[in-house]
Every structure is written in structure tokens, then in C-alpha cells.
Amino acid sequence: MLIEDPNGPYVNHIVVRAQDKNQPWVKPLIQSYQQPQIHDFILKTFKGAVIPAF
């Protein structure tokens with residue numbers, strides 16, 4: 001198994017097109033992902049292989 005260094009250069013981001021940045025669905029999308037229960041799910045499920053960066 002290969003695990004990247006937690007201080008490595010790779011981070012997953014939620015990205016939208018510039019023309020969509022003010023669409024009404026963008027803010028709820030980000031808020032729904034950046035919840036404590038999602039953070040905990042990531043830690044529990046991926047056991048350190050994925051580290052939430054929010």
C-alpha cells in the first residue's frame with residue numbers, strides 16, 4: 001500500500017467554473033461537504049490515507 005505524505009503537495013478542492021461561481025447551488029454544495037460529520041467520515045473510512053483539508 002502506498003500512502004502519500006500528509007504534508008505533500010496534493011489537496012482535493014471543490015472547483016467550479018468562473019461563470020458558475022455565483023450560482024445559487026455553489027454555496028450549499030460547499031457547506032454540505034464541509035461539515036463535521038463529513039470530516040469524521042473521511043478520517044474513519046480512509047484511516048489516514050485521505051486527510052480532510054477543511
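Values below: every heavy atom of this structure, side chains too, minus hydrogens, waters and symmetry copies.
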Open item on the list: To the closest 0.5 Å, what do you measure between CD (Q34) and CG (L29)?
Closed with: 9.5 Å
Open item on the list: For a quick test of reading the model, state the closest non-hydrogen atom pair linking I38 to S32 and the distance between them.
Closed with: CG1-O, 3.8 Å
Task: By side chain to side chain donor-acceptor pair (under 3.5 Å) - contacts of D20 (at least two apart) - done: R17
Open item on the list: By the salt bridge (Lys or Arg N to Asp or Glu O under 4.0 Å) test, which pairs, at least two apart or in different chains, include something from residues 34-50?
Closed with: none
Task: Verify same cluster id: V15, I30 (apolar side-chain graph, 4.5 Å) - done: no
Open item on the list: Give me each pair satisfying ring-ring contact (aromatic ring centres under 6.0 Å, His included) with a member in residues 13-33, each pair once, sequence neighbours excluded.
Closed with: Y33-F54
TODO: Among residues two or more places apart or on two chains, list those pairs meeting salt bridge (Lys or Arg N to Asp or Glu O under 4.0 Å) that have a residue in residues 24-33.
DONE: none
